[in-house]
Amino acid sequence: MPRITLPDGSVRQYDRPVTAARLAADIGPRLAAAALGVRINGELRDLNTLIQEDAQASIVTPTDRSGATDPDAVYLLRHSCAHIMAEAIQALRPGVQLVYGPPVDNGFFYDLSVPHERPLSTDDFEEIEKRMAAIVTQDRPFTRYEMPVKEGLEKLRAEGSKYKIDNADRAIAQGADRLSFYVTGEPGKDWEDLCRGPHVPSTGRIAAFKVMSLASSFWHGDATSDRLTRVYGIAFATPKELAEHRRMLAESRKRDHRRLGRQLELFAFDEDVGPGLVLWTPAGAVIRRELEEFIRGELLRQGYQMVYTPHIGKLSLFKTSGHYPYYRDKQYPPIVDADQIQSLARQGVSCAELADRLQQGDIDGYLLKPMNCPHHVKIYASRHHSYRDLPVRLAEFGTVYRWEQSGEIGGLTRVRGLTQDDAHLFCTEDQIPAELKACLALVKIIFTTLGLTDYRVRIGLRDPASEKYVGDAGLWKKAEQACREAARSLDVRVDEEPGEAAFYGPKIDFMINDVIGREWQLGTIQVDYSLPERFDLTYTGPDNQPHRPVMIHRAPFGSMERFVGMLIEHFAGAFPTWLAPEQVRVLPISDKSTGYARSVLATLHDRQIRATMDDGHSRIQAKIKVAADWKIPYMLVVGPSDQQATAVSVRARGIQQNLGSLELGAFAESITAEITSRGRATVISEHFAAAKI
RNA sequence: GCCACCGUAGCUCAGCUGGUAGAGCACACCCUUGGUAAGGGUGAGGUCACGGGUUCGAGUCCCGUCGGUGGCUCCA
């Protein structure tokens with residue numbers, strides 16, 4: 001006779017098994033009406049699950065008491081909506097086979113096998129949605145029934161659904177002893193799907209949904225396996241939430257760095273240059289240069305030494321490092337001398353053989369470097385090192401080239417030529433912890449300055465069961481511990497992921513959330529026991545014997561491309577003054593004031609402030625509008641009265657009013673302070689604090 | 001790489017089922033000399049991504065190439 005403990009600690013006693021739906025109804029009619037499912041002892045289940053024994057139960061509703069959305073409710077809604085969508089698609093398209101349809105972070109999808117004579121297209125969405133709406137209106141119950149494994153498999157075999165049989169097999173391999181099916185309505189009559197569940201009580205509970213997009217996928221994510229069609233959708237408990245979601249999507253589109261990049265002329269791509277190869281236009285180059293200077297300043301403070309290395313290197317270098325041919329399909333093909341090929345051809349080497357030998361790297365040539373480490377290693381090796389020299393910290397904004405798959409390329413986030421904020425630390429085993437900590441301190445300074453406070457750290461540890469790792473297990477343990485301790489010094493969330501280490505050492509990755517909550521993977525810090533070995537690097541220890549240094553690779557911001565891309569979206573193109581490509585625009589009221597405007601400009605240029613003047617013939621309103629579109633931090637409106645007072649009328653980005661007049665020298669000084677302090681003191685905080693909205 | 005979608009002026013886009021190219025912004029010039037989020041006029045600007053095909057005729061239909069966008073498991 002179940003005693004059911006509710007979340008508030010109260011207990012309900014029943015003299016017979018009771019469904020969660022009944023329980024909800026007994027607690028209150030409003031709860032019953034809102035209920036989508038139940039957590040029994042923490043496990044999410046259908047609302048009509050029979051509770052037979054004493055249990056902790058909590059009814060799942062779209063929002064909890066505090067009004068926060070319940071992730072379990074979202075899960076139920078979306079998983080259920082995936083079924084409704086699949087039913088709609090199958091009804092419209094006989095011959096479509098179901099594969100797999102889970103809820104995901106941003107909605108749900110259903111993978112389908114669609115006969116290729118007639119693929120699905122976005123034009124079909126309207127009809128699919130219409131059909132789904134009908135299913136929702138019918139408010140059919142989600143009905144679960146179960147079968148023993150054997151019977152269930154027979155049923156699936158009889159239905160001839162290869163993918164569902166596979167799903168069942170996997171479930172069985174996971175230890176399932178029964179298979180469950182969900183019918184949208186009445187068993188034997190309505191649409192059904194092999195499914196683990198749970199689901200909402202009935203289709204009518206999906207208050208708002210939308211079919212979002214179409215993509216292709218592979219069965220089990222395996223490119224050699226069947227091609228599937230993936231249809232994405234989203235569902236919410238209320239139309240309001242759907243509207244909010246779509247508003248967020250629109251906002252993201254507005255912030256999209258590719259869009260802003262073109263609008264603000266920050267960077268460009270050109271077909272003739274090649275996909276994934278960034279052209280940094282003057283405005284974007286300013287942002288990158290300012291960031292690099294900022295980072296460089298901190299590096300020098302930490303005892304790094306800046307170096308420069310070539311963009312290419314001999315194939316043999318990368319064979320020694322192990323990058324070739326291991327990462328061959330991620331690299332641009334080697335640069336090989338035509339004479340060499342010709343002479344081989346004269347010796348009777350066939351084209352096929354030539355191609356093969358090229359692939360294998362058997363023909364001498366040069367490689368566009370996919371990584372900077374081999375070059376840095378060679379700088380280390382260019383002289384003898386004593387233990388007294390260590391750590392040696394070599395840093396370079398090093399440009400590398402990688403042959404990303406064509407489908408992976410996009411904007412600044414995934415490119416084929418990128419510049420890493422790279423450095424390699426050569427140190428002793430004992431120095432690892434301090435070096436890691438210093439790396440993280442650097443990250444903290446830079447993130448804090450940029451207002452990037454929402455980030456987490458992921459530590460990749462070795463999988464003790466695997467053999468693929470190089471280096472001594474004891475060393476690994478120590479290095480992993482050092483990563484942990486260093487990560488902890490940041491005061492942010494740290495996730496440990498066994499098996500995610502590189503084969504040559506543990507690593508720390510940085511994941512950052514921008515202001516609209518999207519997560520970006522930036523850079524990484526990796527401990528490496530392998531490369532010093534491969535290049536036979538040494539230092540002389542206090543014992544006068546050669547020792548092997550340990551390397552730390554670190555590019556905490558990843559690449560300048562991705563970092564700037566992330567920042568564009570983070571700031572929505574409105575960069576802080578020190579980063580802004582154009583910091584000030586001087587706007588003369590009329591031609592009568594262009595002379596004075598020019599002298600204002602000269603004053604600002606003297607201070608190396610990036611300022612321009614709009615001396616067009618349009619009215620001041622129009623000039624302000626245009627400057628605002630360019631997201632310029634400060635506008636200085638100048639007319640006869642300003643000239644009289646050697647002053648400027650200040651207008652700041654985001655504040656839709658004239659802040660007032662400021663003496664020109666005072667403005668120049670104040671904005672200089674804003675720039676050099678990287679925004680700690682601003683023109684507004686110093687002069688117009690009261691006017692701030 | 002694979003699948004769907006997209007590619008028209010520098011940018012954002014319109015162009016009905018095939019009949020020979022259009023707007024706004026930006027740009028140039030002219031009028032206006034205007035004090036805080038777009039004054040007015042005139043003009044220049046296109047091999048409709050590229051190549052082929054179907055057709056009397058292709059921006060539009062078909063095939064291919066190039067480029068872009070969304071995606072390619074978070075275990076039924």
Side-chain angles (χ1 to χ4, degrees), chain A residues 75 79 82-83 98-109 111 114 116 119-125 152 156 161 163-174 176 179-182 193-197 212-232 253 256 258-259 262-263 265 268-276 329 403-411 587-594 616-629 635-642 649-651 653-661:
Chain A
Y75 179 95
H79 190 188
H83 278 225
L98 304 175
V99 183
Y100 171 55
V104 286
D105 281 349
N106 232 342
F108 61 85
F109 65 78
D111 276 350
V114 179
H116 55 266
L120 277 177
S121 102
T122 45
D123 296 339
D124 299 319
F125 287 3
L156 291 172
S161 116
Y163 302 105
K164 287 290 161 182
I165 293 169
D166 173 72
N167 284 340
D169 284 340
R170 286 148 73 89
I172 294 160
Q174 293 290 313
L179 294 177
S180 57
F181 296 82
Y182 276 81
D193 189 11
L194 169 80
C195 179
R196 184 182 53 164
M212 300 298 288
S213 63
L214 205 54
S216 118
S217 64
F218 297 109
W219 196 24
H220 299 170
D222 173 3
T224 62
S225 188
D226 297 8
R227 274 200 316 270
L228 305 173
T229 300
R230 173 169 297 186
V231 187
Y232 280 86
R253 271 194 293 276
D256 189 319
R258 292 168 300 196
R259 186 190 175 84
R262 191 177 308 130
Q263 236 170 57
E265 296 178 5
F269 291 95
D270 189 287
E271 279 190 37
D272 290 334
V273 176
D329 50 357
W403 188 264
E404 297 289 349
Q405 290 189 72
S406 61
E408 298 278 5
I409 292 173
L587 310 178
I589 292 285
S590 76
D591 286 354
K592 288 181 193 140
S593 302
T594 47
H617 287 181
S618 45
R619 301 197 322 171
I620 194 65
Q621 287 85 341
K623 292 182 182 181
I624 287 168
K625 163 74 165 67
V626 170
D629 284 348
M635 298 177 215
L636 302 181
V637 176
V638 297
S641 52
D642 303 284
S649 294
V650 181
R651 213 183 146 103
R653 183 179 57 204
I655 303 177
Q656 296 190 16
Q657 60 176 251
N658 177 7
L659 291 173
S661 180

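Chain letters run A, B, ... following the sequence lines, proteins first and then strands; every chain starts at 1. Heavy atoms only: backbone and side chains are in, while hydrogens, waters and symmetry mates are out.
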For [X] and [N], is the shortest distance between a side-chain N/O and OP1 or OP2 below 4.0 Å?
X      : N     : value
A:R262 : B:U12 : yes
A:R253 : B:G70 : no
A:Y182 : B:A76 : no
A:R230 : B:U73 : no
A:R651 : B:A37 : yes

Nearest of [options] to any side-chain atom of [X]?
X      : options             : value
A:S216 : B:G34, B:U36, B:G71 : B:G71
A:Y100 : B:G1, B:A37, B:U73  : B:U73
A:F218 : B:A76, B:G1, B:U73  : B:G1

Under 3.5 Å, which N/O atoms of the protein pair with N/O atoms of nucleotides 61-67 of chain B?
| unit_1 | atom_1 | unit_2 | atom_2 | d |
| --- | --- | --- | --- | --- |
| B:C66 | O2' | A:E271 | OE1 | 3.3 |

**OP:** Tell me, please, which residues at least two apart from A:Y182 pass ring-ring contact (aromatic ring centres under 6.0 Å, His included).
**Re:**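 By the ring-ring contact (aromatic ring centres under 6.0 Å, His included) rule, A:Y182 matches A:H199.
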Would you say the base of [N] and the side-chain of [X] have a donor-acceptor pair closer than 3.5 Å?
X      : N     : value
A:D642 : B:G35 : yes
A:S213 : B:G71 : no
A:S641 : B:G35 : yes
A:S649 : B:G35 : yes

**OP:** Calculate, to the nearest 0.5 Å, the distance between atoms CG and CZ belonging to A:L636 and A:R651 respectively.
**Re:**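 These two atoms lie 12.0 Å from each other.
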Could you measure between the two [atom1] atoms, the one in [N] and the one in [M], and give it in whole Å?
N     : M     : atom1 : value
B:U17 : B:C13 : C1'   : 22 Å
B:C29 : B:U65 : P     : 46 Å
B:G53 : B:G57 : P     : 12 Å
B:C48 : B:G15 : C1'   : 11 Å
B:C16 : B:A21 : P     : 14 Å
B:C61 : B:G18 : P     : 8 Å
B:U20 : B:U55 : C1'   : 14 Å
B:A9  : B:G22 : P     : 14 Å

**OP:** Tell me which of A:W219 and A:S590 sits closer to the 5' end of RNA chain B, going by the nucleotide each one is nearest to.
**Re:**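 Final value for this comparison: A:S590.
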Subject >> Of A:V104 and A:G639, the one whose closest RNA chain B nucleotide lies more 5' >> reply: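 So the residue in question is A:G639.
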Write down the atom of [X], the atom of [Y], and the distance for their closest heavy-atom approach.
X      : Y      : answer
A:L194 : A:S180 : CD1-O, 3.5 Å
A:H79  : A:G197 : CE1-O, 3.9 Å
A:A168 : A:L179 : CB-CD1, 3.9 Å
A:P588 : A:K623 : O-NZ, 2.9 Å

Base, sugar-phosphate or nothing for [X]? Non-hydrogen atoms, less than 4.0 Å.
X      : answer
A:E408 : base
A:I620 : sugar-phosphate
A:P640 : base
A:I409 : sugar-phosphate
A:G107 : nothing
A:A168 : nothing
A:Y232 : sugar-phosphate

**OP:** Show the numbers, then the answer: is there a side chain to side chain contact (heavy atoms under 4.5 Å, CB included) between A:R653 and A:M635?
**Re:** CA-CA 8 Å; A:R653 183 179 57 204; A:M635 298 177 215; over 6 Å; no
Complement of [N], any strand, by Watson-Crick or G-U distances under 3.5 angstrom:
N     : result
B:U42 : B:A28
B:G22 : B:C13
B:G64 : B:C50
B:G59 : none
B:C74 : none

Nearest-Å distance, [atom1] ([X]) to [atom2] ([N])?
X      : N     : atom1 : atom2 : answer
A:F108 : B:G71 : CZ    : P     : 15 Å
A:E265 : B:U12 : CD    : P     : 12 Å
A:H220 : B:A76 : NE2   : P     : 11 Å
A:L659 : B:G35 : CG    : C1'   : 15 Å
A:N106 : B:U73 : CG    : P     : 16 Å
A:L214 : B:C5  : CG    : P     : 8 Å
A:Q656 : B:A37 : CD    : C1'   : 7 Å
A:I589 : B:A37 : CD1   : C1'   : 14 Å

Donor-acceptor list for residues 213-220 of chain A side chains, cut-off 3.5 Å, not counting sequence neighbours:
| unit_1 | atom_1 | unit_2 | atom_2 | d |
| --- | --- | --- | --- | --- |
| A:S217 | OG | A:D111 | OD1 | 3.2 |
| A:S217 | OG | A:D111 | OD2 | 3.3 |
| A:H220 | NE2 | A:D166 | OD2 | 2.8 |

Pairs under 3.5 angstrom, nitrogen or oxygen only, protein versus nucleotides 38-41 of chain B, please.
| unit_1 | atom_1 | unit_2 | atom_2 | d |
| --- | --- | --- | --- | --- |
| B:A38 | N7 | A:K625 | NZ | 3.3 |
| B:A38 | N6 | A:K625 | NZ | 3.2 |

**OP:** With sequence neighbours left out, write down each residue that passes side-chain hydrogen bond (donor to acceptor under 3.5 Å, both in side chains) with A:D222, or none if nothing qualifies.
**Re:**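 Listed in chain order: A:T224.
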Any residue meeting side-chain contact (heavy atoms from CB on, under 4.5 Å) with [X], in chain and number order, not counting sequence neighbours:
X      : value
A:S661 : A:D642, A:A647
A:P640 : A:S593
A:A171 : A:A176
A:D629 : A:K625

